[in-house]
J.: 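Could you have a look at this structure, given as structure tokens, before my questions?
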Amino acid sequence: MVCLRIQSLSTTTISLCHHAPVSSALNFLIPRLQDLHDHRSVSSAHSRILRYGKSSDTIIGNHLLNAYIRCHQTEDAEKLFDEMQNSWNVVTWTSLMVCFVDAGREGRCLSLFARMRSDVIFLPNSFSLSTVINACALLADEATGRGIHGLVEILGFRLDVVVSTSLIHLYAKLNRVEDAGLVFDEMTVRNVVTWGSIISAYTQNGKANLALHLFGEFLRLKSSHPNHFMFSSAVNASASLGRLGIGKCLHATVIRHGHDGNDVIAGAIVDMYGKCGCIEQSTYVFQRIARPSVIPYTSMIVSAAKYGQAQFAVRIFNEMIVNGVKPNEVTFLGVLHACSHAGLVDKGLQYLRTMENDHGVSPCSKHYICAIDMLGRAGRLEEAYNLSKDFHAADNDALLLWTTLFSNSRMHGRLDLATEARSNIMKLSIRNPNDVAGAYVILSNAYATAGNCDGAMGIRHEMRRRRVRKDPGCSWVEIKNAAYVFYPGNLSPAGERETEVLELMKWVGSKMRDMGYESGGLSGLSNFVDEEETREMMIGMHSERIALAFGLVLAPNKGVIIRVMKNLRICLDCHEAFKLISVILDRTFVVRDLNRFHHFSHGICTCRDYW
DNA sequence: CTAGGGTTAG
């Protein structure tokens with residue numbers, strides 16, 4: 001590497017500028033610099049520039065700097081940057097900031113920006129601002145990010161589309177989706193990237209409904225066509241809502257716009273069909289991806305797992321290994337879930353034990369908890385407890401671990417182990433007041449099903465005292481491209497069809513009783529949320545049942561598969577009821593709960609009652 | 001000469 005001596009060269013360069021042959025050689029060199037993509041040719045261009053004595057020229061130096069950055073030569077870039085001290089401008093600084101972000105050293109990007117503000121007092125331009133905002137987003141550094149936002153306002157860059165779009169992205173990554181929305185609302189000029197950013201911001205922060213609403217608004221503007229980024233986010237939104245109608249419509253639009261060859265979109269569509277309960281469609285799209293990356297493979301494995309198709313999941317996993325695609329930690333969670341849902345306990349344990357040596361993915365607490373749940377549900381509780389000693393679970397993970405062990409011990413009548421787990425949960429919930437809602441609900445359910453009303457009331461009182469809130473249980477059903485959300489014991493979303501729905505429920509209820517079904521006889525309280533809700537649940541008004549009944553009223557045609565989505569797990573009682581209803585009415589329906597799919601037909605469910 | 005969106009789990 002040639003060493004630069006800028007100071008000694010700078011006085012002689014002026015005379016060289018008027019030297020015709022040298023000048024034309026440089027005119028030839030500058031556009032070339034932009035095309036250089038390998039280290040060797042950049043170095044040789046660098047030495048030629050030195051020979052011409054042009055190294056103190058800011059623009060040429062910046063070209064050279066960016067040529068090094070393009071080749072990921074961070075060290076050379078840093079060295080050149082230092083040597084350019086006398087010819088720095090804001091572009092030089094911004095270029096090195098970008099270099100650090102590309103190299104995954106976002107912290108150094110931030111310190112460089114701070115130095116630029118304090119040492120050399122260059123005013124940042126829109127490029128420096130969007131770069132540093134991007135660094136904050138990657139680091140999820142809220143304090144610095146908000147400071148930069150202030151600077152954007154002070155320096156008058158609020159109207160810059162790229163800067164404001166970066167801010168939307170920043171707030172999305174900070175899970176401050178309201179702030180992202182505020183930035184979006186205040187923008188006067190928006191482009192496709194802006195719309196794509198706000199749509200993914202809402203999708204990634206649990207506001208998929210809003211995301212889809214904005215996608216529709218963008219389409220109505222007809223200012224430009226949605227691109228593959230937007231489609232990926234929109235498909236993702238329909239997936240998380242389980243809105244098959246919208247998802248299908250998006251799939252068709254993706255094909256019409258010629259984006260079906262994009263692997264990221266295809267991966268999102270595989271996931272969407274999987275989450276909407278259409279494993280066949282999911283497989284169809286997956287098999288048409290030429291060279292699937294780890295993400296579509298993982299989506300396919302997870303879809304199969306949720307559908308209880310463990311053999312299929314394992315086949316896809318083997319296929320991906322044969323094709324040289326490296327699985328990641330999510331892939332293994334999918335494989336373990338597949339084994340767990342199908343009761344393939346030993347196969348699952350084998351994956352847990354070999355994943356590190358054979359595939360270089362070390363198991364984390366999520367994998368252990370999944371395996372422990374697998375053992376526990378199969379009744380192998382001693383092994384489950386032993387496995388729990390093999391890793392160190394902290395905070396939230398520890399709570400999840402003991403909650404899993406508690407419900408499994410209780411399910412298999414092991415009160416001794418349940419008591420131990422329970423006391424651990426109580427200890428942990430005192431130390432970690434956040435995220436204890438799930439544990440409280442499980443404890444309360446345990447008391448309620450055991451008929452211990454005082455115990456259940458005590459837990460509920462404790463929840464109120466500590467202001468622990470739990471998302472209300474609800475179910476929704478999509479009929480003719482409209483979604484209807486139902487809460488327990490409330491038929492009003494059915495509107496004018498309310499009476500018909502109630503009549504159907506009563507009629508089906510009497511038929512079920514003729515077949516020997518007793519409402520609440522199994523576990524009518526398992527989805528307990530609050531007192532009011534519990535009362536309604538006791539008379540068999542779980543939200544999934546209302547949603548199903550409403551779906552049956554609105555879509556009486558036997559060929560229509562009713563798809564019910566639920567934000568909690570389906571309870572045993574409803575599971576039994578749905579099997580009977582599929583016989584009584586000779587219908588097929590699919591329930592997506594928190595964990596997996598249940599496909600009811602002819603009195604049986606695809607989960608074979610093991611979930 | 002320098003800048004901004006997307007997909008898998010929980």
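We name chains A, B, ... by the order of the sequence lines, and we start the count at 1 in each one. Predicted model, so just to flag it, every value in this text is computed and none were measured.
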J.: In whole angstrom, give the distance that lies between atom NE2 of A:His337 and atom C1' of B:dG10.
T.: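 Going from NE2 in A:His337 over to C1' in B:dG10 covers 9 Å.
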J.: Is it true that A:Arg146 and A:Asp179 make a salt bridge, defined as a side-chain N closer than 4.0 Å to a carboxylate O?
T.: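 Looking at A:Arg146 and A:Asp179, the cut-off is met.
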J.: Between the side chains of A:Tyr307 and A:His341, is a donor N or O closer than 3.5 angstrom to an acceptor N or O?
T.: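 Short answer, no.
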J.: Nearest whole Å is fine: how far is B:dT7 P from A:Phe286 CZ?
T.: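 After rounding, the reported distance stands at 19 Å.
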J.: Measure the distance from CG on A:Leu400 to P on B:dG10 and round it to the nearest whole Å.
T.: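 Nearest whole value for this atom pair: 11 Å.
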J.: Is any NZ, NE, NH1 or NH2 atom of the basic residue among A:Arg315 and A:Glu319 found under 4.0 Å from an Asp or Glu carboxylate oxygen of the other?
T.: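 No, this pair does not count.
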J.: Return a single string for nucleotides 1-6 of chain B, one symbol per nucleotide in 5' to 3' order, where B is base contact, S is sugar-phosphate-only contact and - is none, cutoff 4.0 angstrom on heavy atoms.
T.: BBBBBB
J.: For residues 267-276 of chain A, which residues have at least one heavy atom under 4.0 Å from DNA chain B?
T.: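 Listed by number, they are A:Asp271, A:Lys275.
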J.: Distance check, rounded to the nearest 0.5 Å: A:Leu167 atom CG versus A:Asp160 atom CG?
T.: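 Rounded to the nearest 0.5 Å, the CG-CG separation comes to 10.0 Å.
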J.: Starting from the C-alpha separation in whole Å, work towards a yes-or-no answer on salt bridge (charged side-chain N to carboxylate O under 4.0 Å, His left out) for A:Lys79 and A:Glu75.
T.: CA-CA 6 Å; A:Lys79 204 165 150 197; A:Glu75 272 181 37; over 6 Å; no
J.: Whole angstroms only, please: what is the CG-P distance between A:Leu401 and B:dG10?
T.: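 One finds 17 Å between P of B:dG10 and CG of A:Leu401, rounded.
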J.: Syn if the chi torsion is within 90° of 0, anti otherwise; quick check, which is B:dG5?
T.: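 Chi for B:dG5 falls in the syn range.
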J.: Please confirm whether A:Arg288 makes a cation-pi placement over A:Phe286, using NZ or CZ under 6.0 Å from the six-membered ring centre and within 45° of the ring normal.
T.: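 Output no; distance or angle outside limits.
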J.: How close or far is atom C1' of B:dG10 from atom CG of A:Asp373, stated in whole angstroms?
T.: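 To the nearest whole Å, that distance equals 13 Å.
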J.: Parallel, tilted or perpendicular: which describes the rings of A:Trp93 and A:Phe122, with under 30° parallel and over 60° perpendicular?
T.: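 Perpendicular.
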J.: Using the salt bridge (charged side-chain N to carboxylate O under 4.0 Å, His left out) criterion, which residues pair with A:Arg596? Sequence neighbours excluded.
T.: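 Listed in chain order: nothing, the list is empty.
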